[in-house]
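Everything on this sheet refers to the single structure shown next.
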Amino acid sequence: MTGDGVVTNGDDVGGVKRIALDTDAINSLVSTKLLDEISAAAKQRGIVFVLIHVVRDQLAQTSDAGRRAQLLEVYDVLPIIELPTSGFVLGISRLGHAEIKDSAAELEVFTTSGRGKMQDALIGATAAAKADVLVTDDRTLTKRVMAHTMRCEIWTFERLVRFLLEKEE
């Protein structure tokens, strides 16, 4: 990772159009209260936020009812395109919202430890296949995606905010 919150595989970020957000990015968006500014800046720059049902499902499992309501409200009003996951995991994936793949090994390379490991695998695999940038502060997921794709960059939430809200010189 560079000092400015960007993990790069060497690609130019000037052509960024599709940004995938993981669950912690939505959490950060709620905490910073920058939804309106980020949405407007993304629209102005032609940025599309791509998300998968797994992110919404994780947000819906938030134990604090007030926080859960805030997270789901942001998810529901954020200008997104919901894409099918790049893979199917029984008990997590929804029919019609996931691509059924032949090899479980394709997802295994993206798994992280802990309770969200297969959800993280679906988020990582989908971003690797369908996004220019994945926004996450999850270091393990960052390492997994970086090790297995040259297609998308990994940004921290802080880097996303700078990219969208700071004036270009």
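The residues of the chain are indexed from 1 along the displayed sequence.
- Under the 3.5 Å distance criterion, the side-chain polar atoms of K130 are matched with a main-chain donor or acceptor of P84.
- You'll find the side chain of R56 stays beyond 4.5 Å of the side chain of L51, heavy atoms only.
- Side-chain contact between I123 and L134: present, with at least one pair of heavy atoms (C-beta onward) separated by less than 4.5 Å.
- Counting only distance, with no hydrogens or angles, the side chain of D22 and the backbone of D120 share no donor-acceptor pair below 3.5 Å.
- Side chains of I26 and L78 form a contact here, defined as non-hydrogen atoms less than 4.5 Å apart.
- Side-chain contact check for I80 versus Y75: some heavy-atom pair is nearer than 4.5 Å.
- The structure places CG of L122 at 9.5 Å from CD of Q58, a figure rounded to the nearest 0.5 Å.
- One finds the CG atom of L59 at 10.0 Å from the CG atom of D24 (value rounded to the nearest 0.5 Å).
- Under a 3.5 Å cut-off, the side chain of D132 and the backbone N or O of K17 do form a donor-acceptor pair.
- Here CD1 of I38 is found 5.0 Å from CG of L29. Values are rounded to the nearest 0.5 Å.
- When all heavy atoms are compared, the tightest approach of A42 to F49 is CB-CE1, 3.6 Å.
- For V77, the side chain to side chain contact (heavy atoms under 4.5 Å, CB included) partners two or more places apart in sequence, or in a different chain, are L35.
- Summarising the geometry, atom CG belonging to D137 is positioned 8.5 Å from atom CZ belonging to F157; distances are rounded to the nearest 0.5 Å.
- Counting heavy atoms from C-beta outward, F163 and I47 have side chains that approach closer than 4.5 Å.
- In plain terms, the two heavy atoms of C152 and A131 that are nearest each other are CB-O, 3.1 Å.
- For E37, the side chain to side chain contact (heavy atoms under 4.5 Å, CB included) criterion is met by L34, L165, not counting sequence neighbours.
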Identify each donor-acceptor pair in which a side-chain atom of residues 64-71 lies under 3.5 Å from a protein atom, sequence neighbours left out, and give them as a table.
unit_1 : atom_1 : unit_2 : atom_2 : d
D64    : OD1    : G66    : N      : 3.0
D64    : OD1    : R67    : N      : 2.7
R67    : NE     : N27    : OD1    : 3.3
R67    : NH2    : N27    : O      : 3.0
R67    : NH2    : N27    : OD1    : 3.0
R67    : NH2    : S31    : OG     : 3.0
R68    : NH1    : T62    : O      : 2.4

